[in-house]
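The residues of the chain are indexed from 1 along the displayed sequence.
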Amino acid sequence: MPTIMEPRGRCYFTPVLWKTLPPDVEDEVEEWRILRERFARARRGEFAALDDLLDLYPRLKGPDTRMFACNLLGDAGTDEQLEAVESFVLDDVKYIETVCELCHSLGLWGRLSAVEAILTAYDRNFPGQCAEGLPAYLTTMLEPEFGAAADYPRKDTLEAFLAYETGVRDLWQRRLVELGGPKAYAFFGGPFSVRRVAERFLELLGTSSYENMMKPYLRQRFEASTGIDCSDFFEKNGDLKPLTAAARLEAWLASDAPDRFEPGERYFFGHKIPRRA
């Protein structure tokens, strides 16, 4: 019974997220109990249950519980809760790994204001290994496919970083104008909507390295937003079943289901996420 929320496996339907595991399997029993309770309430639309998740996060010991907490906060956190994450990332200079991990939550959030915090974390912590993933969060927010925001400098020189930062900030400023300001949710360079998540997922069912990289991310975003179990999109070994995935996504897009999701708003298991808890 897996305890890792693996997007090529069971993702938000990983067994440990739904039921207690035996103590000999579940190493961090208390951590999972606390997170399961918050997940259960969030998927019922009780988003205030996540108010203390940022305070709880640094005390989590297991890599699996930390991964899930990051995903849950990014996928289901309110603006108020994720603004606290922004402040933590901007202000903390001691807990480097925690800061970089929480940038994953900001990338899932996708609000344009988060670009400042992610860039700051990158600036402070590159070329450390934990900072190398931060440009991926920027590019999935700001660009239709990997581009300037993903092309970070491989050498830690001031000249290279300034050129990279200038390019990202120019791109960011364009998106701020196009999408309506720092409180807009961005997704692959355009406005976020659950419909666009499904459409993008359907577009990227091919076999290129970029498509293979994006499939687990898009599966997580679609599953989190709708609450639809996408486990049967993938083989047990993690390989995609493209015909199954395409048929399911096409059927969903052709139905009236996308109309239940307001463009420009975030959802978790079908519940609209409020700006404030």
Quiz item: So, do F233 and R248 sit near enough that their side-chain heavy atoms are less than 4.5 Å apart?
Solution: yes
Quiz prompt | Ring centre gap for F161 and Y122 strictly below 6.0 Å | solution = yes
Quiz item: Is R196 close enough and on-axis enough to F187, meaning under 6.0 Å and within 45°, for cation-pi?
Solution: no
Exercise. Might you confirm whether atom CD of E97 has over 12 heavy atoms from other residues, nucleotides or ligands at distances under 6.0 Å?
Key: no
Quiz item: Parallel, tilted or perpendicular: which fits the ring planes of W32 and F68, with parallel below 30° and perpendicular above 60°?
Solution: tilted
Exercise. Using the ring-ring contact (aromatic ring centres under 6.0 Å, His included) rule, take Y267 and F261 through it: C-alpha gap first, then chi angles, then the decisive distance, then the call.
Key: CA-CA 8 Å; Y267 291 79; F261 298 92; 4.9 Å; yes
Self-check item: W252 six-ring face occupied by R195 cation (under 6.0 Å, within 45°)
Solution: no
Quiz item: Do F269 and F39 make the cut of ring centroids closer than 6.0 angstrom?
Solution: yes
Quiz item: Counting heavy atoms not belonging to K183, are there more than 12 under 6.0 Å from its NZ?
Solution: no
Quiz item: Would you say E83 and W109 make side-chain contact, with heavy atoms under 4.5 Å?
Solution: yes
Quiz item: In terms of hydrophobic clustering (I, L, V, M, F, W, Y; side-chain heavy atoms under 4.5 Å; direct or indirect links), are F126 and L90 co-clustered?
Solution: no
Practice problem: Test ring-ring contact (aromatic ring centres under 6.0 Å, His included) on Y57 and Y95 and set out the steps. | Solution: CA-CA 12 Å; Y57 183 81; Y95 299 103; over 10 Å; no
Quiz item: What do you reckon, are the aromatic ring centroids of Y12 and F268 less than 6.0 Å apart?
Solution: yes
